[in-house]
K.L.:
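This is the structure I have questions about; it appears just below.
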Amino acid sequence: MQNNRSNAGGLIGGAVLIAFGLMALAGQVFRSVDWGFLWPFTVIGIGALFFVAMYAGGRQAAGFAIPGSIVGGIGLVLLFQNLTGHWESMSYFWTLIILFVGVGIYIMGWYGGNEGQKQSGARVIKVGAILFIIFGAFFEMIFSSFGNVIFPILLIALGAYLVVSRSGLIGGRKDDSSVDSIPPAS
């Protein structure tokens, strides 16, 4: 008789094979379906399999919530980007991975009955959300509001100013010998 732990691997492996087989069969039978639109659901499904493993393994397998949250969350991000076509948002969507880790830790603490893990997960979720807001605002509001020309010109001007001012071409550099120094202690 096998226990839950040895069954979990076979269940997950079998479910993955069935899912890929069903997708391959559906791709052959339903050629009119836009599979380019549906591919993020594969990633979401793989994330869901980690939660299946968590429930199949009981409280001691609560750690499966972390990779399940990460993979499933990335699948949701990919689905969003696939639906909207706003792939540029990946420049700051990486911060959501931190948030997904926090969600996984929180779920692990909830499922395992550990209040400390729930609190840690909530803190990581807050950090991920704050980073998402900061980087999202920076990349969406700063880069998008200046258009395609003004911000690069400002970056070039700032870089040129730094190069010219640090090289001594503007205003000249101070002679190091004129700097007052503290005499050594005797």
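The analysis underlying the following values was restricted to heavy atoms, covering all of them including side chains, and did not include hydrogens, waters or symmetry mates.
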K.L.:
If you compare all heavy atoms of Ala53 against all heavy atoms of Ala61, which two are closest, and at what distance to 0.1 Å?
P.N.:
O-CB, 4.0 Å
K.L.:
Looking at residues at least two apart in the chain, or sitting in another chain, which of them share a side chain to side chain donor-acceptor pair (under 3.5 Å) with Gln119?
P.N.:
none
K.L.:
Excluding sequence neighbours, so at least two apart, what forms side-chain contact (heavy atoms from CB on, under 4.5 Å) with Leu76?
P.N.:
Ile44
K.L.:
Please, which pairs that meet salt bridge (Lys or Arg N to Asp or Glu O under 4.0 Å) have at least one residue in residues 124-136, sequence neighbours excluded?
P.N.:
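Applying salt bridge (Lys or Arg N to Asp or Glu O under 4.0 Å) to every pair that reaches into residues 124-136, excluding sequence neighbours, yields nothing.
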K.L.:
Grab the two heavy atoms, one from Gly112 and one from Ala62, that are nearest each other, plus how far apart they are.
P.N.:
N-CB, 4.3 Å
K.L.:
Under the salt bridge (Lys or Arg N to Asp or Glu O under 4.0 Å) rule, what pairs show up with a residue in residues 104-122, not counting sequence neighbours?
P.N.:
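Pairs touching residues 104-122 that pass the test: Glu115-Lys118.
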K.L.:
Throw together a table of side-chain donor-acceptor distances under 3.5 angstrom for residues 94-104, partners on residues two or more places apart or in other chains.
P.N.:
{"from": "Trp94", "atom 1": "NE1", "to": "Ser91", "atom 2": "O", "distance (Å)": "3.1"}
{"from": "Thr95", "atom 1": "OG1", "to": "Tyr92", "atom 2": "O", "distance (Å)": "2.7"}

K.L.:
Going by the rule side chain to side chain donor-acceptor pair (under 3.5 Å), which residues pair with Ser120 if we only count those two or more places apart in sequence or in a different chain?
P.N.:
Arg123
K.L.:
Taking the hydrophobic residues Ile, Leu, Val, Met, Phe, Trp and Tyr, and joining any pair whose side-chain heavy atoms are under 4.5 Å apart, which ones share a cluster with Leu22?
P.N.:
Ile18
K.L.:
Pairs in or reaching into residues 44-60: which pass salt bridge (Lys or Arg N to Asp or Glu O under 4.0 Å), with residues at least two apart or in two chains?
P.N.:
none
K.L.:
Could you work out, with side-chain contact (heavy atoms from CB on, under 4.5 Å) as the rule, every residue matching Leu78, not counting sequence neighbours?
P.N.:
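Checked Leu78 against side-chain contact (heavy atoms from CB on, under 4.5 Å); matches are Trp39, Pro40, Val43, Ile74, Gln81, Trp87, Met90.
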K.L.:
Would you name the heavy atoms of Tyr106 and Ala122 that are closest together and state the gap between them?
P.N.:
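Minimum heavy-atom separation between Tyr106 and Ala122: CD1-N, 4.2 Å.
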K.L.:
With ILVMFWY side chains joined below 4.5 Å, transitively, what does Ile134's cluster contain besides itself?
P.N.:
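Ile134 shares its hydrophobic cluster with Ile130.
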K.L.:
Would a hydrophobic clustering, with Ile, Leu, Val, Met, Phe, Trp and Tyr connected at side-chain separations under 4.5 Å, put Phe80 with Val71?
P.N.:
yes
K.L.:
Check side-chain contact (heavy atoms from CB on, under 4.5 Å) between Phe51 and all other residues, then give those that pass, not counting sequence neighbours.
P.N.:
Met54, Ala65, Ser69, Ile107
K.L.:
Ignoring hydrogens, what is the shortest heavy-atom contact between Pro67 and Phe50? Give both atom names and the distance.
P.N.:
CG-CD2, 3.7 Å
K.L.:
Taking ring pair (Phe, Tyr, Trp, His ring centres under 6.0 Å) as the test, write out the residues that go with Tyr55, two or more places apart.
P.N.:
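Per chain and number, Tyr55 pairs via ring pair (Phe, Tyr, Trp, His ring centres under 6.0 Å) with Tyr111.
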